[in-house]
Amino acid sequence: MTTLKLAVLMAGKLTLDELRQAVASGEIDTVIAAQIDMQGRLMGKRFQAEFFMDSAWEETYSCNYLLATDMEMATVEGYKATSWESGYGDYTMKPDLSTLRRIPWLEGTALVLCDMLDHHGHAEIPHSPRAVLKRQVARLEAMGMKAFMASELEFFLFRESYEDAHAKGHRGLTPFSAYNEDYHIFQTTKEEDLMRAMRTGLQGADVPVENTKGEAEAGQAEINVRYTDALTMADRHAIIKNGCKEIAWAKGRAVSFLAKWHPDFAGNSSHIHQSLWSLDGKPLFHDPDAEHGMSKTMRHYLAGLLHHASDITYFLAPHINSYKRFVAGTFAPTKAIWSLDNRTAGYRICAAGTKAVRVECRVGGADLNPYLAMAALLAAGIDGIENKRALEPALVGDAYSSTDAREIPTTLRAATQTLDGSAMLRAAFGEDVIDHYVHAAKWEQSEYDRQVTDWEVKRGFERA
Ligand code: ADP
């Protein structure tokens with residue numbers, strides 16, 4: 001095979017025909033068909049490639065509890081969509097063949113993401129994360145617009161493997177670096193064995209990587225990828241997280257995307273850059289004659305994000321742990337306000353005055369589900385445009401110390417309450433979908449509420 005042909009083949013994406021050829025030549029023997037669960041993880045099966053080509057490429061099945069479990073795979077009672085009562089039947093997994101790709105870091109393996117359909121009627125399951133996002137993308141498209149997004153991901157690198165970390169009870173872990181490595185080249189050179197494998201591996205899996213860098217904490221890294229349409233970006237986000245874990249694991253190391261893994265270390269963010277474009281490719285956020293180059297559409301969109309900032313927080317911070325990240329002075333925001341190129345703001349304007357002018361939502365942690373987070377942001381922004389919401393003045397200066405600025409909800413309990421009461425999200429996502437996620441949020445809260453933490457025991461065992 002010529003080098004050029006090989007390079008094209010290695011570019012990542014596969015058509016069904018290309019997969020068939022790769023299976024025939026013995027290059028690919030395994031196809032992972034994966035759906036996205038409520039936590040944004042890949043869940044599915046590994047197919048012998050011949051069987052995938054034979055039938056599974058059309059559809060396969062999985063237990064419907066995969067869209068009703070928590071992080072631990074507990075069978076949570078009380079969901080309308082599924083239960084012991086209804087027998088936890090199947091959903092249909094429908095491979096979205098436009099997502100078919102090579103996975104270079106797994107030998108002989110391809111991956112396809114699946115939409116979740118009703119087992120009998122073949123309608124999309126409304127609370128499945130891909131369906132939730134597709135619904136908002138369709139609303140936007142009906143308005144003649146398309147969203148481009150880029151989600152950045154921060155994570156910690158540890159010297160231990162996942163198995164070592166587990167055996168140690170996740171205590172006494174050793175971050176890769178002994179010091180804050182923000183933008184450091186020398187420290188990140190020491191991490192290149194891992195980071196280069198991630199960059200090149202993802203690039204070969206059709207995830208165009210822009211760069212990786214050291215982040216503002218010991219052992220913390222960030223990966224930035226090229227912006228694209230919202231659904232493709234959410235797919236890539238899910239693949240990046242899974243891929244970085246697999247690559248680290250293969251090298252006997254662990255990476256963690258937990259929003260806050262240690263009280264003394266900064267948290268892991270997932271900033272989401274957003275811009276709207278016309279269907280024929282014009283930048284709708286840009287108006288060269290307007291202040292900061294921000295068009296009216298952009299101002300309304302941003303006003304919608306701010307107006308509904310509390311309603312959408314759950315989808316940016318879906319776990320108990322997510323709220324531990326919102327600490328002043330750590331680059332994680334505490335205030336839902338907007339500001340120009342200001343990293344203390346929850347919503348930061350980047351590239352003001354240029355065609356690339358965009359809003360970066362800095363609220364979300366690396367534990368968010370990208371489909372749900374992007375859908376919630378779009379729903380809030382669309383509401384801003386539809387209602388021509390007026391944009392408040394930008395905050396100037398340090399948002400952490402601004403006492404009258406809008407707070408981001410500080411607990412899961414508070415965020416769940418605003419989610420439950422959000423008329424905007426109920427209209428945008430559907431009543432049943434919001435009820436489903438409110439139930440998930442309440443379960444997460446109640447699971448935590450019954451814990452007795454190390455901190456409590458240490459504090460009170462002798463002295464209470
Ligand atoms: P910063 O480091 O200041 O956050 P970068 O220049 O590194 O900003 O860009 C961050 C992300 O924004 C990148 O993933 C990039 O692809 C994305 N991006 C650039 N232009 C746009 C746009 N118009 N819409 C959405 N995302 C964009």
For residues T82 and N64, is any side-chain donor paired with an opposing acceptor at under 3.5 Å?
-> yes
Should we say atom OH of Y448 is surrounded by more than 12 heavy atoms from elsewhere, each under 6.0 Å from it?
-> no
May I have the step-by-step check of side chain to side chain contact (heavy atoms under 4.5 Å, CB included) for F158 and D164, ending in yes or no?
-> CA-CA 10 Å; F158 294 98; D164 292 342; over 6 Å; no
CG of L377 to CE of M149, rounded to nearest 0.5 Å, is 6.0 Å
Do the charged groups of D449 and R413 touch, with an N to O distance under 4.0 Å?
-> yes
Would Y79 and D435 count as having a side-chain donor-acceptor pair, cut-off 3.5 Å?
-> no
Test side-chain contact (heavy atoms from CB on, under 4.5 Å) applied to L316 and N369, I408, V363, the passing residue = V363
Are the side chains of I239 and L113 in touch, meaning some heavy atoms are under 4.5 Å apart?
-> yes
Quick one: do the Q274 and Y301 side chains pair a donor with an acceptor below 3.5 Å?
-> yes
Heavy-atom check, side chain of Y65 versus side chain of M73, under 4.5 Å | yes
K168 and E160: salt bridge (charged side-chain N to carboxylate O under 4.0 Å, His left out), yes or no, with the steps?
-> CA-CA 10 Å; K168 287 168 116 178; E160 290 82 1; 2.8 Å; yes
What distance do L395 atom CG and S402 atom OG have between them, rounded to the nearest 0.5 Å?
-> 5.0 Å
With sequence neighbours excluded, tell me which residues meet side-chain contact (heavy atoms from CB on, under 4.5 Å) with A345.
-> I337, S339
Steps toward side chain to side chain contact (heavy atoms under 4.5 Å, CB included) verdict (E217, S177) | CA-CA 9 Å; E217 187 56 275; S177 161; over 6 Å; no
Check whether more than 12 heavy atoms from other residues, nucleotides or ligands sit under 6.0 Å from atom CZ of F265, and answer yes or no.
-> yes
Side-chain heavy atoms of E360 within contact of E152, under 4.5 Å | yes
Any luck finding a side-chain donor-acceptor pair between D229 and T232 under 3.5 Å?
-> yes
Quick one: side-chain contact (heavy atoms from CB on, under 4.5 Å) partners of F186, sequence neighbours excluded?
-> Y179, K190
Decide salt bridge (charged side-chain N to carboxylate O under 4.0 Å, His left out) for K213 and E181; before the verdict, give the C-alpha distance in whole Å, the side-chain angles of both, and the deciding distance to 0.1 Å.
-> CA-CA 9 Å; K213 63 179 275 295; E181 58 182 287; over 6 Å; no
Over all heavy atoms of both residues, which pair between L425 and A379 is shortest? Give the atoms and the distance, please.
-> CD2-CB, 4.2 Å
Do you know which two heavy atoms are closest between M294 and L302, and how far apart they sit?
-> CE-CD2, 4.0 Å
Those residues that, when tested against A394, pass side-chain contact (heavy atoms from CB on, under 4.5 Å) (two or more places apart) | W338
Apply ring pair (Phe, Tyr, Trp, His ring centres under 6.0 Å) to F257 and list each qualifying residue two or more places apart in sequence or on a separate chain.
-> F155
Hey, is CD on Q39 packed in by over 12 heavy atoms from elsewhere, all under 6.0 Å?
-> yes
Could you please spell out the steps behind the salt bridge (charged side-chain N to carboxylate O under 4.0 Å, His left out) verdict for R130 and D115?
-> CA-CA 7 Å; R130 272 188 124 231; D115 287 314; 2.8 Å; yes
How many angstroms lie between CG in D37 and OH in Y371, if you round to the nearest 0.5 Å?
-> 10.5 Å
Quick one: do the T453 and E456 side chains pair a donor with an acceptor below 3.5 Å?
-> yes
Below 4.5 Å, heavy atoms only, C-beta onward: do E191 and T188 meet side chain to side chain?
-> yes
Test of ring centre spacing under 6.0 Å for F176 and F156 | no
Establish, yes or no, whether a centroid distance under 6.0 Å links the rings of H273 and Y227.
-> no
With a 3.5 Å cut-off and no angle check, do the side chains of K45 and T60 form a donor-acceptor pair?
-> yes
Any residue meeting side-chain contact (heavy atoms from CB on, under 4.5 Å) with F51, in chain and number order, not counting sequence neighbours | F47, S55, A56
Are H307 and D383 close enough that a side-chain donor and a side-chain acceptor fall under 3.5 Å?
-> no
Quick check: are there more than 12 heavy atoms from other residues, nucleotides or ligands sitting under 6.0 Å from CZ of R459?
-> no
Which distance, rounded to the nearest 0.5 Å, do you find between the CZ of R389 and the CG of L305?
-> 11.5 Å
Mind checking whether H271 and C361 have side chains closer than 4.5 Å, heavy atoms only?
-> no
Ignoring hydrogens and geometry, is there a side-chain-to-backbone donor-acceptor pair from Y400 to F331 under 3.5 Å?
-> yes
Polar contact flag, side-chain donor to acceptor under 3.5 angstrom, S269-R325 | yes
With sequence neighbours excluded, tell me which residues meet side chain to side chain donor-acceptor pair (under 3.5 Å) with T212.
-> R199
Below 4.5 Å, heavy atoms only, C-beta onward: do L340 and R348 meet side chain to side chain?
-> no
Quick one: sort the F315 and F429 rings into parallel, tilted or perpendicular, breaks at 30° and 60°.
-> tilted
Which atoms form the tightest heavy-atom contact between W105 and A205, and what is the distance?
-> CZ3-CB, 3.9 Å
Do the non-hydrogen side-chain atoms of I240 and L202 ever get within less than 4.5 Å of each other?
-> yes
Nearest heavy-atom approach of M198 to A248 is CE-CB, 4.5 Å
D367 and S322: side chain donor to acceptor below 3.5 Å = yes
Which distance, rounded to the nearest 0.5 Å, do you find between the CG of L419 and the CZ of R426?
-> 7.5 Å
Write down the atom of T416, the atom of A441, and the distance for their closest heavy-atom approach.
-> OG1-CB, 3.4 Å
Can you find a heavy atom in the side chain of E222 that is under 4.5 Å from one in the side chain of L153?
-> no
Can you find a side-chain donor-acceptor pair between Q220 and N268 that sits under 3.5 Å?
-> yes
Atom SG in C114, atom CE in M93: separation rounded to 0.5 Å?
-> 4.0 Å
Under the salt bridge (charged side-chain N to carboxylate O under 4.0 Å, His left out) rule, what do D206 and R236 come out as? Steps first, then yes or no, please.
-> CA-CA 8 Å; D206 190 45; R236 286 179 178 167; 3.8 Å; yes
Q35-S62 side chain donor-acceptor pair, cut-off 3.5 Å | yes
Test of ring centre spacing under 6.0 Å for Y437 and W443 = no
Give a yes or no on whether E85 atom CD has more than 12 heavy-atom contacts from other residues, nucleotides or ligands under 6.0 Å away.
-> no
Work out which heavy atom in A336 is nearest to a heavy atom in A309; give both atom names and the distance.
-> CB-CB, 3.6 Å
